[in-house]
Amino acid sequence: MQEYSPEEVERKWQAVWEEAKYFAATEDTARSKYYVLEMFPYPSGRIHMGHVRVYTIGDVIARYKWMRGYNVLHPMGWDAFGLPAENAAIEHGTHPAKWTYANIEEMKAQLKQLGYSLDWDREFATCDPEYYRWEQLFFLQLWERGLVYRKKAPVNWCPDCRTVLANEQVENGECWRCGSEVEEKSLQQWFVKITEYAEELLRDLDTLQGVWPDRVIAMQRNWIGRSEGAEIDFPVLGGKGSIRVFTTRPDTLYGATFMSLAPEYPRLEELLPQGGDRERVLREAERMRAEDPQLREAEEAEKSGVFTGAYCRNPLTGESMPIYVANFVLMEYGTGAVMAVPGHDQRDFEFAQKYELPIRRVVRPEGEEGQDNPEMEQAYSGPGFLVNSDKFSGLDHESAKQAITAELEAMGLGQKSVQYRLRDWNISRQRYWGAPIPVIYCERCGEQPVPEKDLPVELPLEVITHSDGRSPLAESEEFLYTECPVCGGRARRETDTMDTFVESSWYFARYTKAKEHKAPFDRQALDYWLPVDQYIGGIEHAVLHLLYARFFTKALRDLGYMGIDEPFAQLLTQGMVLKDGAKMSKSKGNIVDPGDMLQRFGADTTRLFTLFASPPEKDLDWNDQGVEGAHRFLHRLWRLGLELQDHLRPVGPCARMDGAGLSRSARDLRRKEHGTVEKITRDMEDRFQFNTAIASVMELVNEISSQKDALSPQEEDRHALSSAWSTALIGLYPMTPHICEELWSRAGYSRHLARQEWPEYDPEALQQEEVLIVVQVNGKLRGRVSVPPDAGEEEIKQAALGQENVRRHVEGREIDKVVVVPGKLVNVVL
RNA sequence: GCGAGGGUGGCGGAAGUGGUAGACGCGCUGGACUUAGGAUCCAGUGGCUGCGGCCGUGAGGGUUCGAAUCCCUCCCCUCGCACCA
């Protein structure tokens, strides 16, 4: 018998699929479309197990949807701009472009070896000017609409990457990419007004409920950080205007006994009274500003501050409140000034204790009636009723928020306000290998957009990259100097490039017509394919790529490019691939290389193990013995296929047949076959539980193995066997397509599995000839009886009570009642 | 602290609406075939047992004829956010 040779089988079928362009999508509006997409890879060199996992999951879905008759789009491309290319260029003396394209070739070959059903006709790399030119166009159009602006601002600087980072790209004060500690720098940067969409980004999360993982929704909600409250003006004594604060607790205004300002508060100096401690206060504020932002922003950090000598007036109590500078007040959030309510805010409480400031209860918890002025040991931030609040006393705190805000509004000293934690997206990067920002600086005319007809602003390829972070663009005279589009005078180009997250914010839309050269999109193709029906990727992009892409979709919609609000109808976040319980890494030396796996076991085994070892969203601990188990199963499948092939008829899966003409074994086999279809369809359709789908097919294969010799040589039984075998191959095909195609053709089929339809099971074939009834006595398992499926309750009951073991347990005792669940069990209660 | 998700054999993991806990696979044990096997095949495999059973899904309580599943109290783990006023 011929040995199973994955290499041979896989090469053969990959060639067949490629030649026939089986997986090229066409805009066929008559058919329902299904767009399945995995987050595209950065071409780092070779693929790793994380790639194998995500693309395998996507491929199973794509192949399954093909079988369900959908017009499937399953494209692939390259997130090709980015820092590693520059670093590699410096290290190996090559050019980022050369390095990148070489990597793409290598990774593409590996993806092909894995047998993914990708539409390679739509492939593109984001570093191609044909791609990023449209991004430059979007930049200009967003700018025109006021959604892009330039400002000097304190930004996150990664000293290792030698570039700035957006807030989303800083994790615990460290660079998301390299882990270096982020520093603060003040630079002129380009920002995209994502905050303009904060409300919509938050609101539309509701539409993703149930189709996106809860935690991703939670993380985005958290990140956007909407807070409802009021802005309140506190007049400064001495006629120096007023200080505006934002608070979520206007109900506690009567408890505001002092004011805290951020050390960066811009009007600080003018608020200080003449003479006295001016210098000392400014020095203290300076010291706080210099504190390590990491430490300063930690909750455990010691609260400290300095009294400014100035006072403001509480607009409702009329009391004067000392103004402090406090290290825990952030300039970036709200107004940079906080009304301090020590009775009901723990930070203010600690501050008040330290500086001996008055602490007053204004919200009394339920059940503490009469205790309006207790000795407080900590702040109370819960619900309750107002006390010590003049005419508002007695109101519940929620109504008091409304009432007090309304009162302030009437006085002209406040109004409702909503604040977000989300900040605008800083997209400037001080790097070479990215899409140039299409802006020209003219000494006379200032910042000017590059005219659309001059796009793309191409990244010059003849440059030298430096290890010291000098910008090659600033050194390239050809790139740098240009004419001002307004006055024609000598002008300079912007030398910063765009954050690479900009490219990945719209690539999914470009696939709908990747070869469109006159515009970013073909509207018809785009409307047909979008949104992505199933998106798959890592959880690490919960507030990075996934937030940016949602924002870009809405922005492009408003620019008139698309008609959708959300880009990804369903999201699956796959778990990590671990080895020995830890993330794979070079330093730990626990890397499993997909290349090795392909060589030793082939694509089908690698895919099968990856899918079988754990459900997609959970982490997967790589297990070499598990891989061998998967390989063993495929060997068994192969041997079985070769043994059966000459006895099979190409009757198709779930073939119609007369149950009465079948032997007992054949009927059992047929029931198993149809039951398997029912089970795996559910697993594939609703929950992407590929591990249990595989387990079910394994059961069917085991059943075929054990029944095959008991079958009669008659035509009817042979059909049952053929049908069951077809179903097994179809069920496994999305996971292990090569071996299944081969065995399928050996089973006598001429049409390939790639074009085969998914079977429909026949509920009648599921009918049991006898059903096993479990018999319990007082809830404990005491026996089993077989009864006809249509047996009535009484009949089942009698059969159960007739069981010998059941009789023994019941003997001599009175039966209280008998619970009969037809088709399932009998419980005799004594 | 807030938010999300989890705790089931030696291991990965199964158990659509409460109804035989442990499917499928790994590992392990015994056997067969073999010069040999880490190949293949067969049988077994939650724990304890006086072989009648008893105990078992993080702990404790509850609802129910019946709970991994529902309710209450608590413990532990993982991830995310965290001085955001």
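The sequence lines fix the lettering, A, B, ..., with proteins before strands; numbering per chain opens at 1.
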Item to check | Selection from B:C54, B:C83, B:A82 that lies nearest to any side-chain heavy atom of A:R421 | outcome: B:A82
Item to check | Side chain of A:A695 - closest among B:A23, B:A39, B:G80 | outcome: B:A23
Next on the checklist: Considering only residues two or more places apart or on different chains, which pairs with a residue in residues 214-226 of chain A satisfy salt bridge (charged side-chain N to carboxylate O under 4.0 Å, His left out)?
Outcome noted: A:E199-A:R226, A:D206-A:R221, A:R226-A:E228
Item to check | With sequence neighbours excluded, residues passing ring pair (Phe, Tyr, Trp, His ring centres under 6.0 Å) with A:Y333 | outcome: none
Checklist entry - Want to know the stems of RNA chain B: at least 3 consecutive Watson-Crick or G-U pairs with distances under 3.5 Å, which are they? => result B:1-7 with B:75-81, B:10-12 with B:24-26, B:27-32 with B:40-45, B:46-48 with B:53-55, B:58-62 with B:70-74
Checklist entry - What about A:R347: does its side chain form a donor-acceptor pair under 3.5 Å with the base of B:A85? => result yes
Checklist entry - Which residue pairs pass the salt bridge (charged side-chain N to carboxylate O under 4.0 Å, His left out) test when at least one of the two sits in residues 605-616 of chain A, sequence neighbours left out? => result A:D59-A:R607
Checklist entry - Is the count of non-hydrogen atoms from other residues, nucleotides or ligands lying under 6.0 Å from A:K354 atom NZ greater than 12? => result yes
Checklist entry - What string of B, S and - do you get for nucleotides 4-14 of chain B 5' to 3' if you count protein non-hydrogen atoms under 4.0 Å? => result SS------BSS
Below 3.5 Å, can you tabulate the donor-acceptor pairs from side chains in residues 253-260 of chain A to any protein atom, sequence neighbours excluded?
{"from": "A:T257", "atom 1": "OG1", "to": "A:P358", "atom 2": "O", "distance (Å)": "2.9"}

Item to check | A:Y761: partners by side chain to side chain donor-acceptor pair (under 3.5 Å), with sequence neighbours left out | outcome: none
Table of protein N/O atoms under 3.5 Å from nucleotides 44-52 of chain B N/O atoms:
{"from": "B:G52", "atom 1": "O3'", "to": "A:R808", "atom 2": "NH2", "distance (Å)": "2.9"}

Contact list (N/O, under 3.5 angstrom) for nucleotides 31-34 of chain B vs protein:
none

Checklist outcome for this item: Sorted by chain and residue number, the ring pair (Phe, Tyr, Trp, His ring centres under 6.0 Å) partners of A:F612 (sequence neighbours excluded) come out as none
Checklist entry - When you measure from every atom of RNA chain B, which of residues 820-830 of chain A have a heavy atom less than 4.0 Å away? => result A:V821, A:K824, A:L825, A:N827, A:V829
Checklist entry - Expressed as a whole number of Å, how far does the C1' atom of B:C41 sit from that of B:G50? => result 38 Å
Checklist outcome for this item: Among the nucleotides B:A85, B:G19, B:A82, whichever has the atom closest to the side chain of A:Y333 is B:A85
Item to check | All side chain to side chain donor-acceptor pair (under 3.5 Å) counterparts of A:T606, not counting sequence neighbours | outcome: none
Item to check | Of the listed nucleotides B:C84, B:C54, B:U20, the one nearest the side chain of A:R782 | outcome: B:C54
